[in-house]
Structures are given as structure tokens and as C-alpha cells.
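Here the structure comes first, spelled out in C-alpha cells, and everything after it is commentary.
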Amino acid sequence: MKRALVTGITGQDGRYLSELLASKGYQVFGLIHGQANPKARMVMEENPGLELVEGDLRDLPSLIAAVEQVQPDEIYNLGAISFVQLSFKQAELTAEITGLGVLRMLEAVRIVGGTDNNPMRFYQASSSEMFGKVRETPQTEKTPFHPRSPYGVAKVFGHDTIVNYRESYDLHASSGILFNHESERRGLEFVTRKITNSLARIKLGLQEGISLGNLDSARDWGFAGDYVEAMWMMLQQESPDDYVIATGETHTIREFLEVAFRIAGYDSWESFVTHDSRFDRPAEVDLLLGDSSKARAKLGWKPKVNFEELVLRMYEADLAEETDQLKRGRR
Ligand code: F7E
């Protein structure tokens, strides 16, 4: 039975990945920090075979102990402060966890090691935010980075550290440069879920409108469930490498609103949306569009859920959840 250690187990991707790994027969261990972490119970209910291990990406000894205890075949480092807007307010903490956390995990792997015949394989969750003020479109593995947020800067540090450890210590360490990936499990602070959840509440008469920031930025949005498959595929390769994971389609926030409101049965969205400058960012990433030809050719990966299907499934899940809460008198 293969053993996998996943950091960020309570996040959207951690939840999809642990389900995927369990379905493939892995024993999955999730790194979790903090006493009585409220999300621990949720992930245990979703994945009863999961084992939780104490550890904190800020604390190398705890990571060494976790890797030593679990002796994983594969490590997936998904743990991060991942909300770009928050990274502007908590820049140092973001560098500490999203950036230095990668270095600490790699050090833990290097120190504990695996056997020569079975070295531990490492996946790093790199991000399209690293491209920031993009130098070319579409973006590929060769596009230079120009991050626009403390989060993007920290991800570049993590990405470069992966390359450096791969070259210095011959670690089987791969990076997935994942473009935005969403689902009904996305946190409510991210724009897609904020829109689908608010829209469901508008439909049910629980809310009047949505306050948003910049509607002109464009993102290459895919479905998170498809993207965790790419993570696993990377670690099944003979050699480690970096891969862009994206749909190859880009849409503005306006287009997301258009599709979502149309699905919900409205002719237009404009009268429901107001601008709130609190959601504008000090520096913005205007356009992301990924070229995932390398992953498609080498891994055989391709996305299964398209943009419209993604918006639909998110809206339907939010409508079902809000309706249920309403019936129970919780709204
Ligand atoms: O913003 C604009 C905002 O927070 C998308 C993370 O998973 O993907 C994600 O980062 C766009 C931005 O995601 C609101 O200005 C307008 O242009 O949903 P988001 P993100 O910043 O693209 C990358 C790949 C990651 O790696 C990150 O971890 O939407 N926007 N109005 C808004 N955004 C938010 N959150 N809220 C608004 O009200």
C-alpha cells in the first residue's frame, strides 16, 4: 500500500486529492496544525481512512517528525496562505508559510530521506500567480515570472527552491504550475464562489446584491477535481519536472457573472453588482491564460469540466446548500 503525506489537507485541493489517492488504494496522511482544528473533523468524515499527523509549515522539527513517522512514498505540499488579497495584509506570514514552508518540507525530506530504491517523491503546488504581469500569452513553463503580490513572490521562491533541490540533491521533486481551479469546495473569499454563493442567496431572497472589486481581470478557470489528477500523474513519472496545468481558455469576471446569472435565470447581472474598492488589489494580475501542451503530451492529462459546466455545478451546489439551510431555519 502506497503512503502519501498531504499538507493543506483541509483546503479545496487537499480534500479532492485525498479522495483521489484513497480511491487509488493509498494510505493518506494529512498534516494538520493547531489544537482542535475545526476542519479536522470535516476531512475525517469525508475520508474515513485518513490519518492526521501534527505539524506546522513554520516549524521544521515538527515536519521532520511527521515525515519520519509517516515514511511517505509521495508528499504533496499544498499547504499555503492562498488568498492573494490577504497576502498583501499579511506579507511576512505569507512568505513564512507559502514560501519558506516549501524549503522546510524539502529539508525534512532531505534529512529523513527515503531508501535509495524508493526515494520520497515530492509535489509542489506552484501557481499561475507567479506569471503576474505576464511577459507573454499564453503562459508556458518557459514564461519568465513577474509576480504581483506577496503570495506570488512567495510561490516563486517555492518554485525556484524545488528546481534547486532537484538539481542539487537529485530529489524527485515536481511542480505543477496550476492556473485558477475552482469547485463547490472553494472558499467563499475567492471571486468565483463568492459570486455563485451570493447568486444562490439572491435567488432565494436572502441577499440583494454583490459587492465586488475589479471585474476586468481575466482568469483561466478549471475544475479542481481535474487538477488534482495532474498532481498525482506528475509523481508517477520516471523523472521529476514542471508542468503548466490550465484549460487554455480565459474569461473575465464580467463573463463569469454573465454566465452565472444566465444559468440562474436572469437576463442581466449589472443591477445586482456594485463596486467596492476594498476588494481592489494594490497590484493586479490582469490576464492569465495557460498553455498546458506539455502536460497533455507527457502526462496524458486534460481537463474534463469546461467553463460553463464549472459555473453550473458551483451555482447548483450553492443553491442546494442555501435551500437546505433555509429549510432548517438557519438562514
Ligand atoms: O481573484 C478579482 C481579483 O481571489 C480572481 C488563488 O487560488 O488563483 C487564485 O488567486 C480575480 C482577481 O483568485 C473580487 O481582483 C474582483 O483579479 O478568486 P481570486 P486569484 O487572486 O486569481 C491562483 C492561481 C492562486 O494560486 C491563488 O492561491 O477576481 N476580484 N472582485 C475579486 N476577487 C475576490 N477574491 N473578491 C472580490 O470581491
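What you see is a predicted model, and the numbers here were worked out from it, not measured in a lab. Because only heavy atoms are used, hydrogens play no part in the values below, and waters and symmetry mates are left out as well, while side chains stay in. Whatever order the structure lists ligands and atoms in, that order sets their numbers, starting from 1.
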Checklist outcome for this item: Per-atom filter on ligand 1: closer than 4.0 angstrom to a heavy atom of Y151 are 25 (C), 26 (O), 27 (C), 28 (O)

Checklist entry - Given R278, E129, R186, R281, which has its nearest heavy atom closest to atom 21 (O) of ligand 1? => result R281

Item to check | Heavy-atom nearest option to atom 18 (O) of ligand 1, drawn from T252, V191, I253, D286 | outcome: V191

Checklist entry - Aromatic rings F131 and F145: how do their planes relate, parallel, tilted or perpendicular, breaks at 30° and 60°? => result tilted

Checklist outcome for this item: Quick note on ligand 1: atoms under 4.0 Å from a heavy atom of F83 include exactly 4 (O), 35 (N)

Checklist entry - In the protein, which heavy atom is nearest to atom 15 (O) of ligand 1, and how far is it? => result E284 OE2, 2.6 Å

Checklist entry - Is the distance between the ring centroids of W232 and Y123 under 6.0 Å? => result no

Checklist entry - Does ligand 1 have an atom that lies less than 4.0 angstrom from a heavy atom of H275? => result no

Item to check | Nearest non-hydrogen protein atom, atom 17 (O) of ligand 1 | outcome: S217 OG, 2.6 Å

Checklist entry - By number and element, which atoms of ligand 1 are closer than 4.0 Å to a non-hydrogen atom of G213? => result 14 (C), 16 (C), 31 (N), 38 (O)

Checklist entry - So which heavy atom in the protein is nearest atom 10 (O) of ligand 1, and how far is it from that ligand atom? => result V84 CG2, 3.6 Å

Checklist entry - Looking only at protein heavy atoms, which one is nearest to atom 16 (C) of ligand 1, and how far off is it? => result N214 O, 3.1 Å

Checklist entry - Against heavy atoms of K194, which atoms of ligand 1 measure under 4.0 Å? => result 37 (C), 38 (O)

Checklist entry - For ligand 1, which atoms have a heavy atom of F279 less than 4.0 angstrom away? => result 37 (C), 38 (O)

Next on the checklist: Between Y165 and F122, is the ring pair (Phe, Tyr, Trp, His ring centres under 6.0 Å) condition met? List the steps.
Outcome noted: CA-CA 11 Å; Y165 271 56; F122 194 97; 9.0 Å; no

Item to check | E189 neighbourhood, listing ligand 1 atoms whose heavy-atom distance to it stays under 4.0 Å | outcome: 34 (C), 35 (N), 36 (N)

Checklist entry - Between L171 and L60, is there a shared hydrophobic cluster once you connect ILVMFWY residues whose side-chain heavy atoms come closer than 4.5 Å? => result yes

Next on the checklist: Tell me the contacting part of N180 for ligand 1: side chain, backbone, both, or neither, using a 4.0 Å heavy-atom threshold, strictly below.
Outcome noted: both

Next on the checklist: In terms of relative ring orientation, are W221 and F307 parallel, tilted or perpendicular, with 30° and 60° separating the classes?
Outcome noted: parallel

Item to check | Under 3.5 Å: N/O of Q85 near N/O of ligand 1 | outcome: no

Item to check | Selected option - heavy-atom contact closest to atom 12 (C) of ligand 1, from R219, H181, R193, Q12 | outcome: R219

Next on the checklist: Test your reading of the structure: does S128 have an N or O sitting under 3.5 Å from an N or O of ligand 1?
Outcome noted: no

Checklist entry - Closest approach of D220 and G290, non-hydrogen atoms and distance? => result OD2-N, 2.9 Å

Checklist entry - Near S127, which atoms of ligand 1 are under 4.0 Å from a heavy atom of that residue? => result 23 (C), 24 (C), 25 (C), 26 (O)

Next on the checklist: At less than 4.0 angstrom from any non-hydrogen atom of S82, what atoms of ligand 1 do you find?
Outcome noted: 6 (C), 27 (C), 28 (O)

